[in-house]
Asks: 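Starting off with a structure, shown below.
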Amino acid sequence: MAASLEDSIDRRVHGNWLSWLVSQQTFWVSVAAVVAFVVLTFASDVFATQQNLFNVTRNFAFVAIIAIGMTAVIVTGGIDLSVGAVLVLSGMVVGMTMHTGTSIWVAIPLALGASLLAGAINGFMIAYIGVPPFVVTLGMLSIVRSLAMVLSNNRMVYEFGPDQPKLLALGGGFVSVSLPFVDPIRVPSPVLFLIVLLLIASFLFRWTRWGRHLYAIGGNERAATMTGVPVKLVKVSVYMFCALCAGIAGVLEVGWLGTVTTSLGQGMELSVIAASVIGGTNLAGGIGTAFGAVVGAALIEVIRNSLILLGISTFWQGTFVGGFIIVAVLFDRLRARSANE
């Protein structure tokens, strides 16, 4: 009997890896992205060109970087609507300080410090004061964007002092990767930052106590508190992590554009949340991965790019993205229902 029980458990744990994989939303989103890539390669002569793929990977990297931070927030059962505003604040701080002749090595820490401060205020208000995340981050969205306007006097900044070439190379540069049988592939600098952040975040989510606490809080906050999880501190840290991701994206995007205006990042929070949800993050908390957020961001950018290449009005982009969000939520509901049966 004991042997039969062990065999049964072994088959349950190890024998159903394929069914487990198929049940994962991230898997199906990855399949959808691959299918879209293949279809567009045959449907358009431009899509699979190196220049277009360079643009696609660079553009999606900004959303994906912030989506990793947003995933951490949503896993705990929260939400952050201020990421687009934090992005522009970070970009404006680095732009304005470099405009005065300050070194890039001083300007970037100042920009990231401003982002962390905004995240710390969000986390403190939510964790210690008890204000709902939606209210706090919506208010922070308005406050931070207003501060960016005050800082720049609502004007465009495009002169970044003696270290301007370094900033432009940081966000707009690339690394050539040589592969056999094909021309060297250009990998945009933001993608390199995304890869590093993805590896770090995946490790933190999966193998650290902090990561386990995120899922515990999202799964059952009261139970997490009773088992000794420092819920308030973790919540503050997670909003700071999300703001840091937005700050990094802000610095990189200014380096890519070569200019910064107060309209930068406007409405970006919707794309970031969509990328996280499409990638398998549950808005109720407790479920989500960094890789899923990156895949979700990639699918959104492929959709956006395909609309342009196929001559379809970009006004349809919201319809497609919204449809994917609804399908993703329905998939999660059906999966949860089947698991309970």
Side-chain angles (χ1 to χ4, degrees), residues 55-56 58-67 69-70 79-100 107-108 110-119 121-122 134 136-161 164 167-168 170-172 188-190 193-194 242-276 297 300-301 303-305 307-308 313-319 321-322:
N55 293 333
V56 168
R58 180 193 58 201
N59 293 341
F60 106 90
F62 301 120
V63 174
I65 287 172
I66 309 177
M70 183 65 73
I79 199 75
D80 191 346
L81 301 178
S82 65
V83 289
V86 172
L87 180 146
V88 72
L89 177 65
S90 173
M92 194 60 73
V93 169
V94 74
M96 290 299 296
T97 51
M98 290 184 65
H99 180 71
T100 61
I108 290 179
L110 286 176
L112 299 183
S115 302
L116 286 169
L117 179 59
I121 295 173
N122 279 339
F134 182 90
V136 172
T137 57
L138 182 62
M140 186 59 69
L141 182 156
S142 180
I143 293 170
V144 170
R145 192 166 290 277
S146 175
L147 289 176
M149 292 180 180
V150 171
L151 186 63
S152 65
N153 199 25
N154 201 28
R155 60 189 175 90
M156 179 185 296
V157 181
Y158 55 89
E159 295 178 346
F160 302 123
Q164 178 165 331
L167 180 62
L168 299 183
L170 189 66
S189 297
F193 281 91
L194 171 61
C242 185
L244 177 64
C245 292
I248 293 172
V251 172
L252 294 175
E253 193 158 357
V254 170
W256 165 51
L257 295 172
T259 184
V260 55
T261 66
T262 52
S263 63
L264 186 69
Q266 202 159 27
M268 197 171 188
E269 56 278 350
L270 299 179
S271 296
V272 169
I273 294 171
S276 297
I300 290 175
E301 178 57 27
I303 293 171
R304 189 195 68 81
N305 186 257
L307 294 178
I308 296 173
S313 172
T314 54
F315 296 154
W316 284 101
Q317 179 180 345
T319 301
V321 173

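Residue indices begin at 1 and follow the sequence shown. Hydrogens, waters and symmetry mates play no part in the numbers below; they use all other heavy atoms, side chains included.
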Asks: Test your reading of the model: is there a side-chain donor-acceptor pair from Ser276 to the backbone of Ala67, 3.5 Å cut-off?
Replies: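 Such a contact is found between Ser276 side chain and Ala67 backbone.
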Asks: Do Ile308 and Arg304 touch side chain to side chain, with heavy atoms closer than 4.5 Å?
Replies: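 Ile308 vs Arg304: side chains touch.
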Asks: List the atom of Thr262, the atom of Ser152, and the distance in Å for their closest heavy-atom pair.
Replies: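 So the two residues come closest at CG2-OG, 3.7 Å.
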Asks: Does Thr137 reach the main-chain N or O of Asp80 with its side chain, forming a donor-acceptor pair under 3.5 Å?
Replies: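 Such a contact is absent between Thr137 side chain and Asp80 backbone.
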Asks: Looking at Ser115 and Ala111, would you say the former's side chain and the latter's main chain have a donor-acceptor pair under 3.5 Å?
Replies: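 Yes.
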Asks: Using only atom types and a distance under 3.5 Å, with no angle test, would you say the side chain of Ser146 pairs donor to acceptor with the backbone of Ser142?
Replies: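 No, Ser146 side chain to Ser142 backbone: no donor-acceptor pair under 3.5 Å.
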Asks: I need the Leu264 CG to Phe62 CZ distance, nearest 0.5 Å.
Replies: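 One gets 9.5 Å once the value is rounded to the nearest 0.5 Å.
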Asks: Working to the nearest 0.5 angstrom, can you tell me the gap between Ser263 OG and Arg145 CZ?
Replies: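 Rounded to the nearest 0.5 Å, the OG-CZ separation comes to 7.5 Å.
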Asks: Per the side-chain contact (heavy atoms from CB on, under 4.5 Å) rule, which among Asn122, Leu89, Val144, Ile121 passes with Ser82?
Replies: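 Among Asn122, Leu89, Val144, Ile121, the one that satisfies the side-chain contact (heavy atoms from CB on, under 4.5 Å) with Ser82 is Asn122.
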Asks: Give the C-alpha distance, both sets of side-chain angles, the deciding distance and a yes or no for side-chain contact (heavy atoms from CB on, under 4.5 Å) between Val63 and Glu301.
Replies: CA-CA 9 Å; Val63 174; Glu301 178 57 27; over 6 Å; no
Asks: To the closest 0.5 Å, what do you measure between CG (Leu110) and CE (Met96)?
Replies: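 Atom-to-atom, Leu110:CG and Met96:CE are 13.0 Å apart.
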Asks: Could you check whether any side-chain heavy atom of Leu81 comes within less than 4.5 Å of a side-chain heavy atom of Phe134, counting everything from C-beta outward?
Replies: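 Yes, their side chains come closer than 4.5 Å.
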Asks: Do Trp256 and Asn59 have side chains that approach each other closer than 4.5 Å (heavy atoms only, starting at C-beta)?
Replies: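 They are in contact (side-chain heavy atoms under 4.5 Å apart), so the answer is yes.
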Asks: At what distance, to the nearest 0.5 angstrom, does CG of Leu194 lie from CD1 of Ile248?
Replies: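 The distance works out to 10.5 Å.
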Asks: Within this structure, what is the CG-CG distance for the pair Leu112 and Leu117, rounded to the nearest 0.5 Å?
Replies: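 With rounding to 0.5 Å, CG (Leu112) is 12.5 Å from CG (Leu117).
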Asks: Does the side chain of Leu170 reach to within under 4.5 Å of the side chain of Leu252, using non-hydrogen atoms?
Replies: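 The answer is yes; the side chains approach within 4.5 Å.
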Asks: With side chains defined as the heavy atoms from C-beta onward, is the minimum distance between Asn55 and Asn305 less than 4.5 Å?
Replies: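 Answer no - side chains too far apart.
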Asks: Is there a side-chain contact between Ile66 and Leu87, using heavy atoms and a 4.5 Å cut-off?
Replies: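 When only atoms from C-beta onward are counted, Leu87 and Ile66 do touch, with a gap below 4.5 Å.
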Asks: Could you give the distance from CE (Met70) to CD1 (Ile273), rounded to the nearest 0.5 Å?
Replies: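 Rounded to the nearest 0.5 Å, the CE-CD1 separation comes to 4.5 Å.
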